[in-house]
2 protein chains.
Amino acid sequence: MFSIEDTPLVRKLGAFVSLSEAELRVLETLHKRRRRFIAGPELVHQGQSDQAAYILASGWACSFKMLKDGGRQIVDFQIPGDFLGLRSVLLHISDHGIEPITDMEVTEVSAADLLVAFERHPRLATAILWAASRDEAMVVEHLVDIGRRHAAERMAHFLLELGARLNLVGMGIKTGYACPLTQTHLADALGLTAIHVNRILRQLRERGLVTFQSGIVTFDSYNEMVDFAEFNPAYLNQGGPLLR
Amino acid sequence: MFSIEDTPLVRKLGAFVSLSEAELRVLETLHKRRRRFIAGPELVHQGQSDQAAYILASGWACSFKMLKDGGRQIVDFQIPGDFLGLRSVLLHISDHGIEPITDMEVTEVSAADLLVAFERHPRLATAILWAASRDEAMVVEHLVDIGRRHAAERMAHFLLELGARLNLVGMGIKTGYACPLTQTHLADALGLTAIHVNRILRQLRERGLVTFQSGIVTFDSYNEMVDFAEFNPAYLNQGGPLLR
DNA sequence: CGCCTAGTTGAGGTAAGTCAATTCACGTGG
DNA sequence: CCACGTGAATTGACTTACCTCAACTAGGCG
């Protein structure tokens with residue numbers, strides 16, 4: 001497969017559909033503005049609907065929901081190549097917030113452009129549908145994590161999934177990866193408290209499974225981890241393009 | 001909006017996109033076979049990939065994931081008009097099981113036909129993308145439920161969401177609805193044990209919020225329920241078609 | 001009648017939460 | 001250079017929401 005450009009979006013959609021020259025050119029025009037955000041303050045506020053989605057070019061982000069009592073549930077983390085706020089744009093509701101975890105760079109994709117592109121190039125719609133389905137599969141796996149796994153398995157599964165995703169975009173190796181998340185991020189994602197996250201991480205480290213210290217995740221015993229967490233990455237990567 | 005037929009699929013997609021005559025005709029041809037399943041034994045086994053998705057015409061089903069230790073996480077429930085196994089078909093993986101909760105009737109939609117329809121009628125792809133996004137929004141809300149709400153709020157939120165969904169397809173009224181789920185179903189969906197579900201239901205009943213007995217859910221105090229569960233149905237229904 | 005499944009209730013255990021104190025890393029300004 | 005402040009990580013003591021085990025009831029159906 002050859003590509004006239006190698007943007008995160010092209011790489012992502014190319015995994016699902018073999019893109020033609022014409023389709024690649026359309027994708028090129030979709031990348032309107034390039035924007036930067038600094039870590040920390042939230043980018044999109046809950047309830048505020050937005051007319052554009054983003055594709056993450058560099059950095060990490062997370063999308064979350066807040067509750068009245070101050071609790072926060074992180075729905076998922078975005079790494080380079082992932083969509084930000086696609087669902088919000090499609091459904092015209094932004095019912096979640098987005099936080100840049102690190103400084104990050106995004107390219108903006110307007111909702112209107114996307115819909116026009118769909119009309120002219122149906123395969124792009126199919127590709128996006130696939131990408132959205134993969135995202136949903138991750139949320140589903142996340143749901144199983146929180147609903148039916150104990151804290152340690154939950155953490156192990158989460159760290160493995162993140163590693164596998166980073167691998168797919170060339171940001172990790174089998175033995176570990178750099179990870180800018182705080183224990184509070186982990187807690188809000190896994191439905192735990194930061195304190196308990198700390199204890200669980202120590203437990204996993206002492207068991208010789210995985211070490212997460214000073215921003216580095218190291219798999220001390222990858223195979224045992226996979227076994228312990230019942231991790232099956234089938235939902236993350238399908239071999240080649242599903243549509244030729 | 002007029003329709004040459006009023007199937008669950010047409011009703012569902014019509015909520016997102018105003019369908020043309022030509023598009024309606026294509027949808028008609030998509031409904032291949034009509035099949036029936038009886039309650040109980042599971043329909044699609046975990047790991048077994050299938051070449052067709054279904055649209056539920058009547059009855060209830062649920063999709064779930066099993067864990068090695070025998071635990072089960074129900075991901076969502078399907079009521080008439082909902083897709084069954086769409087994600088599996090798109091991603092060519094069936095990583096979850098499906099259980100008919102009641103006897104049910106479905107219409108089959110083959111993966112190949114769907115992809116062809118997308119090529120010829122891009123708006124259909126857009127419509128399905130929207131429907132899939134709505135499903136994802138429900139899973140996200142489910143995630144928040146399990147991750148950050150206590151058992152009672154979780155249950156209240158779940159019963160309200162289900163009520164709102166049934167309302168949309170004309171199967172419930174504001175004061176309650178018929179519900180064939182067992183306490184075990186509720187437990188597996190909400191990440192609890194059946195025993196605890198029982199206690200929580202009693203608690204909600206004694207607080208005068210909601211009564212779930214012998215297959216009937218009755219909202220004893222709808223507004224207080226909504227407040228108690230922080231229920232906001234914005235993600236379920238968007239006013240009219242998003243694409244004209 | 002007897003069996004089976006779903007629901008109900010009690011007693012006691014445990015995973016995870018809460019509250020509180022301490023340490024550590026890192027910037028920033030005096 | 002050092003004092004200081006701030007946010008993250010760490011650890012301990014105690015509480016609690018939910019689980020486990022176990023017994024019992026109620027309804028449906030051959």
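Quick note on labels: first sequence line is chain A, next is B, and so on, each numbered from 1. Everything numeric here is computed off the predicted structure, so don't read it as measured data.
If you take CD1 of B/Ile200 and P of D/dA17, they are 10 Å apart, rounded to a whole angstrom. Atom pair B/Arg148:CZ and C/dA16:C1' shows a separation of 11 Å (rounding to whole Å applied). We find that CD of A/Gln203 is positioned 9 Å from P of C/dA16, with the value rounded to whole Å. Between B/His196 atom NE2 and C/dT9 atom P the separation is 15 Å, expressed in whole Å. A/Leu192 places its CG atom 14 Å from the P atom of C/dA15, with the value rounded to the nearest Å. The interatomic distance linking B/Leu204 (CG) with C/dG7 (P) rounds to 16 Å, in whole Å. Between the C1' atom of C/dG17 and the NE2 atom of B/His150 lies a distance of 8 Å, rounded to the nearest Å. Atom CZ of A/Arg149 and atom C1' of D/dC19 are 19 Å apart (whole Å).
Judged by distance alone with a 3.5 Å cut-off, no donor-acceptor contact links the side chain of A/Arg205 to the base of D/dT10.
Using a 4.0 Å heavy-atom distance criterion, B/Ala151 is classed as a sugar-phosphate-only contact. Here A/Gly191 lies in heavy-atom contact (under 4.0 Å) with sugar-phosphate atoms only. Residue B/Arg202 is in sugar-phosphate contact alone, with no base atom involved, counting any heavy-atom pair closer than 4.0 Å across all strands shown.
Remark: A/Asp188 CG to A/Thr184 OG1 distance equals 6.5 Å, nearest 0.5 Å. Here B/His150 contributes atom NE2 and A/Asp69 contributes atom CG; the two are 7.5 Å apart, rounded to the nearest 0.5 Å.
Here the rule is side chain to side chain contact (heavy atoms under 4.5 Å, CB included) with A/Phe219, and of A/Thr175, A/Leu160, A/Ile173 only A/Leu160 fits it.
Formation of a donor-acceptor pair under 3.5 Å by the B/Glu230 side chain with backbone atoms of A/Lys68 is found in this model.
Not one side-chain nitrogen or oxygen of B/Gln183 sits closer than 4.0 Å to the OP1 or OP2 atom of C/dT5. The phosphate of D/dA8 has neither OP1 nor OP2 within less than 4.0 Å of any side-chain N or O from A/Thr182. At D/dC19, one or more side-chain N or O atoms of B/Thr193 fall inside 4.0 Å of OP1 or OP2 (strictly under the cut-off).
Picking from D/dA9, D/dT20, C/dG17 the nucleotide with the shortest atom distance to the side chain of B/Ile195 gives D/dT20. Listed nucleotides D/dC18, D/dA9, D/dT20 differ in distance to A/Asn198; the shortest reach to its side chain belongs to D/dA9.
Aromatic ring pairs are classed by plane angle as parallel below 30°, tilted from 30° to 60° and perpendicular above 60°; the pair B/Phe158 and B/His142 is tilted.
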